[in-house]
Structure formats: C-alpha cells, structure tokens
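Protein chains get the first letters and strands the later ones, always in sequence-line order, with residue 1 at the start of each.
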2 protein chains.
Amino acid sequence: MLKTRTKSKFKEFLLNQGLKSTQQRELILEEFLRAGSHLSTEDLYLRLRKKNPRIGYATVHRTLKLFAECGIAEQRHFGDGQARYEASDQDEHHDHLICVTCGRIVEFEDPRIEQLQVEVAAEHGFSIERHRLELYGFCSDCRQA
Amino acid sequence: MLKTRTKSKFKEFLLNQGLKSTQQRELILEEFLRAGSHLSTEDLYLRLRKKNPRIGYATVHRTLKLFAECGIAEQRHFGDGQARYEASDQDEHHDHLICVTCGRIVEFEDPRIEQLQVEVAAEHGFSIERHRLELYGFCSDCRQA
DNA sequence: TTTAAATTGAAATCCGTTTTCAAACGGATG
DNA sequence: CATCCGTTTGAAAACGGATTTCAATTTAAA
Ligand SMILES: [Mn+2]
Ligand SMILES: [Mn+2]
Ligand SMILES: [Zn+2]
Ligand SMILES: [Zn+2]
C-alpha cells in the first residue's frame with residue numbers, strides 16, 4: 001500500500017476512535033514504513049532510538065498494536081518467542097518460508113493451498129476465519145554451505 | 001503408538017543418553033499417555049498432583065522436553081502463549097483445525113496440501129524441514145449458536 | 001553397602017509483553 | 001492566545017510462561 005494512503009488511513013482511524021495524532025505516532029509510523037518487514041518491537045524501537053532517543057519502548061509497543069487494530073499492520077509469530085509486525089498489503093494475503101539457518105523470510109501465496117484449506121475445513125464442519133502456514137527449512141544459500 | 005512400545009522407547013532413550021529411569025518419569029509418562037492430547041505443562045502437572053502431590057512443576061516441564069527430544073511427544077503452539085504437547089504417532093504427521101470459540105481441536109492430514117507445500121518451497125529454492133499449518137475458525141457447534 | 005552422578009522441587013530468574021501512574025501533550029473552546 | 005480536560009507518554013513495575021539454580025534426595029554402578 002502507498003505510504004501516503006497508509007498514513008491517512010491511520011489518521012482516519014485515530015479520528016474515528018477519538019484518539020490523538022501525536023508526534024510519536026507519526027514518527028513510529030514513518031519508521032515502520034521505511035524499515036523492512038517482519039520486525040519486532042525491539043527492532044523498531046532501536047531504529048527509532050537512533051534518531052530520537054526520547055521515544056519509549058512502551059509507546060512503540062502500543063503503537064504497533066494500534067497499527068494492527070487499524071489494519072495497516074499485521075502481527076506475526078515465527079516461533080522465536082517474539083512478535084513481529086509487517087505492513088498490510090490491503091486485502092492481499094501471504095504465507096511464509098523461513099530459513100532455519102539464516103533466518104531469511106520469503107513470502108508466497110498459493111491459491112491452490114488456500115482452496116484446499118477451505119475444503120478440508122468444510123469436511124470437518126469448520127468455517128475458517130484465518131490460518132497460519134509456515135514452512136521451515138533451508139534456503140538455497142544455506143543448503144549448499 | 002502402543003503404550004508399551006512408547007514406554008520402552010523412552011526407557012531405551014534414557015539408557016542411550018546416560019539418564020536415569022525414575023519414579024517421577026514413569027508417573028509422568030503414564031499420565032501423559034492416559035490424558036487427552038494437546039495439553040499444557042500446567043494441565044499435566046495439575047492432573048499428576050491429584051494422585052501424587054509430591055511432584056514438581058519443574059520436573060513435569062523437564063520431562064515433557066525429554067519426551068519431545070526422545071521423539072515420543074511433540075510440542076505445539078496454538079497461539080495462546082503456552083506450549084502444548086501431544087503423543088507422537090510414529091511417522092504420522094497431522095495439522096490442526098482450532099475453533100476460536102470453544103477451543104476444540106480437530107486433527108487432519110491432507111497429502112495434496114503437503115505436496116503443494118514441497119512444490120512451493122522448491123520454487124523458492126527452499127527444502128522444507130518442517131511446517132506448521134493451523135486453521136482457525138468456527139466448529140459446527142459454535143457456528144450455529 | 002558405598003559412591004558418584006543424575007534428579008528433584010521450591011524458589012529464583014529469565015525475558016518478552018503488558019500495565020501503572022504521574023507528568024506532558026493535543027486539541028477543542030472561548 | 002489561555003484555559004481546560006481527556007489522551008498520551010515513558011520509566012519502572014508487574015505479569016506469565018519458560019527455564020535455571022542449588023541443596024537435598026534418589027538412582028544404579030561398583
Ligand atoms: Mn510477510
Ligand atoms: Mn495434534
Ligand atoms: Zn538461509
Ligand atoms: Zn467450537
């Protein structure tokens with residue numbers, strides 16, 4: 001999603017919820033969109049500190065949760081015990097390939113798998129709300145090493 | 001897997017590792033196999049306490065990790081922040097459907113999905129070591145309520 | 001037995017997450 | 001502007017599950 005679009009969506013969200021637009025929230029969103037994906041609260045906090053030492057971890061944490069609530073970010077868990085966030089691609093969905101050696105994360109989307117998930121769920125009387133699919137293995141670089 | 005088979009596999013594991021067979025480990029394995037699947041350390045600990053108040057949480061925790069190391073149990077994470085364990089079905093693999101309302105967990109296995117996972121990974125140069133597929137939604141009971 | 005090593009369990013510690021609370025800020029109002 | 005009130009901030013504390021510590025106990029080999 002375009003940065004400008006994302007920013008205005010967040011502004012609108014704040015308005016609707018009776019929340020305030022603050023210097024910190026703008027800084028955090030700016031840096032979140034600038035930085036690469038799948039970063040932890042700590043990651044983002046450290047990046048922000050470099051430019052603005054007056055920002056608190058708690059604020060970064062709370063703001064990332066606001067992003068998720070607003071729909072401009074998604075929280076992920078890749079099994080290393082810490083939450084990670086990535087910017088939402090509007091209605092786009094994707095799953096992840098994770099290299100267990102170097103930590104590299106590759107995103108993919110496979111409509112066939114998505115479809116089969118729905119079918120399997122239906123066979124068991126379930127309707128799916130969301131899912132999580134993560135493939136852990138070795139990326140090409142790490143496999144030949 | 002048969003209980004007897006599982007128990008001897010664990011005994012053998014202990015021997016190979018130079019570990020000792022203790023009263024606690026036998027009690028814990030016994031109760032683990034008796035209880036239903038997908039239970040947390042706390043769950044198992046509480047069940048054990050009823051019959052034997054002299055057992056410690058730390059021991060249950062350590063023993064479950066031993067089970068996993070030995071291959072007779074598998075650790076799972078369903079996103080509620082606590083680890084769960086289930087007995088291994090030898091080489092059998094399965095994934096999970098989880099009802100977000102009542103917590104019901106249904107196991108399934110779909111070779112078509114498994115196959116597509118391998119293909120998708122290969123397309124990105126990955127070889128898969130393991131994966132995690134969880135479908136969250138509403139079971140038939142909870143949907144009509 | 002005796003002995004050395006492994007195990008136990010209560011309590012302490014770890015570590016990411018979340019909350020608390022007093023001070024600072026945002027923005028609506030006149 | 002100046003005032004006011006609800007919101008936000010950030011340091012520190014609390015939280016919660018996982019893990020470790022360590023002195024006492026148990027295991028099993030000698
Ligand atoms: Mn992603
Ligand atoms: Mn299962
Ligand atoms: Zn790699
Ligand atoms: Zn249900």
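Other residues, nucleotides and ligands contribute over 12 non-hydrogen atoms within 6.0 Å of the CZ atom of R34(A). Crowding of Q23(B) atom CD: a count of heavy atoms from other residues, nucleotides or ligands under 6.0 Å not exceeding 12.
Taking atom CD1 of I55(A) as the reference point, atom P of dA24(C) lies 18 Å away to the nearest angstrom. The distance between atom CG of N52(B) and atom C1' of dG9(C), rounded to the nearest whole Å, is 12 Å. Taking atom CD of residue E42(A) and atom P of nucleotide dT18(C), one finds them 14 Å apart after rounding to whole Å. As a whole-Å value, the separation of Y45(B) OH from dT19(D) C1' is 16 Å. Rounded to whole Å, atom P of dG10(D) lies 13 Å from atom CG of L44(A). Rounded to whole Å, atom P of dT7(C) lies 10 Å from atom CZ of F10(B). Going from atom NZ of K11(B) over to atom P of dT27(D) covers 12 Å, rounded to whole Å. Rounded to whole Å, the distance from CD on Q82(B) to P on dT19(D) is 13 Å.
When atom types are taken as modelled, the side chain of Y136(B) and the backbone of F78(B) share a donor-acceptor pair closer than 3.5 angstrom. Under the 3.5 Å distance criterion, the side-chain polar atoms of R112(B) are left unmatched by any main-chain donor or acceptor of R112(A).
Under 3.5 Å, the side chains of E109(B) and H94(B) contain no donor-acceptor pair of N or O atoms.
Nucleotides of DNA chain C nearest to L14(B) and R49(B) differ in position, and the one nearer the 5' end is that of L14(B).
Distances shown here put every side-chain N or O of Y57(A) at or beyond 4.0 Å from the OP1 or OP2 atom of dG16(C). Between H61(A) and dT17(C), a side-chain N or O to OP1/OP2 separation shorter than 4.0 Å is absent.
Near DNA chain D, meaning a heavy atom under 4.0 Å away, the residues from residues 16-35 of chain A are L19(A), K20(A), T22(A), Q24(A), R25(A).
Here dT17(C) is the nucleotide among dG9(C), dA11(D), dT17(C) with the atom lying nearest to any side-chain atom of T41(A).
With contacts defined as side-chain heavy-atom distances shorter than 4.5 Å, the pair D110(B)/E119(A) does not qualify. You'll find the side chain of R76(B) stays beyond 4.5 Å of the side chain of E134(B), heavy atoms only.
Interface remark: the R62(B) side chain does form a donor-acceptor pair with the dT21(D) base, using a distance-only criterion of under 3.5 Å.
As judged by a 4.0 angstrom heavy-atom cut-off over every strand, R54(A) is placed among residues touching the sugar-phosphate backbone only.
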